[in-house]
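The figures that follow rest on heavy atoms only: side chains count, while hydrogens, waters and symmetry mates do not.
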Amino acid sequence: MKRTQLIEQRKKLNLTQRQVAVALGISEVYVRKIENSDAHPGRTTMLKFEKLYNQDSKNLFPDLFQVYIDTKCIN
């Protein structure tokens with residue numbers, strides 16, 4: 001599942017993956033992997049994305065902040 005919010009924010013600012021990579025100090029391949037959910041960024045990288053896109057990490061990376069509450073009981 002792609003991280004559509006990241007892609008939408010990048011396109012909204014008319015930025016290429018290469019431009020995002022340069023702005024964040026990471027590789028273009030890493031940006032692509034993060035957008036495609038093939039890699040999970042560390043906290044520092046998430047903060048860089050937050051600052052660049054002026055968005056909360058929870059909005060940019062919803063898959064990393066999902067909470068599952070298992071209420072089923074195994075007998």
Side-chain angles (χ1 to χ4, degrees):
M1 176 174 78
K2 292 188 180 227
R3 293 186 172 114
T4 55
Q5 192 59 248
L6 277 179
I7 297 167
E8 287 175 13
Q9 290 301 315
R10 177 174 54 78
K11 290 181 177 182
K12 184 178 176 183
L13 296 174
N14 285 328
L15 296 172
T16 64
Q17 288 177 335
R18 178 177 295 250
Q19 290 169 320
V20 169
V22 170
L24 301 182
I26 59 178
S27 75
E28 184 179 351
V29 171
Y30 191 38
V31 171
R32 184 169 32 261
K33 286 183 175 187
I34 291 171
E35 285 186 356
N36 289 328
S37 294
D38 293 331
H40 301 301
R43 184 68 184 140
T44 302
T45 304
M46 282 195 283
L47 291 172
K48 290 178 181 181
F49 274 104
E50 269 189 10
K51 187 174 180 179
L52 179 65
Y53 294 144
N54 197 29
Q55 294 282 322
D56 186 66
S57 287
K58 290 180 182 180
N59 293 330
L60 296 173
F61 303 97
D63 58 311
L64 300 179
F65 290 93
Q66 289 178 346
V67 177
Y68 296 100
I69 300 174
D70 186 1
T71 58
K72 292 184 180 180
C73 182
I74 299 174
N75 294 324

Tell me who clusters with Met46, hydrophobic residues only, linked when side chains sit under 4.5 Å apart either directly or through other members.
Leu6, Leu13, Leu15, Val20, Leu24, Ile26, Tyr30, Val31, Ile34, Phe49, Leu52, Tyr53, Leu60, Phe61, Leu64, Phe65
Please, which pairs that meet salt bridge (charged side-chain N to carboxylate O under 4.0 Å, His left out) have at least one residue in residues 42-52, sequence neighbours excluded?
none
Mind checking side chain to side chain donor-acceptor pair (under 3.5 Å) for Gln55 and listing every partner two or more places apart, or none if nothing turns up?
none
Run the side chain to side chain donor-acceptor pair (under 3.5 Å) test against Gln5 and tell me which residues pass, sequence neighbours left out.
Gln9
Working to the nearest 0.5 Å, report the span between OG1 of Thr16 and CD of Glu28.
6.5 Å
With sequence neighbours excluded, tell me which residues meet side chain to side chain donor-acceptor pair (under 3.5 Å) with Asn36.
Lys2
Can you list everything that forms a side chain to side chain donor-acceptor pair (under 3.5 Å) with Arg3? Sequence neighbours excluded, please.
His40, Asp63
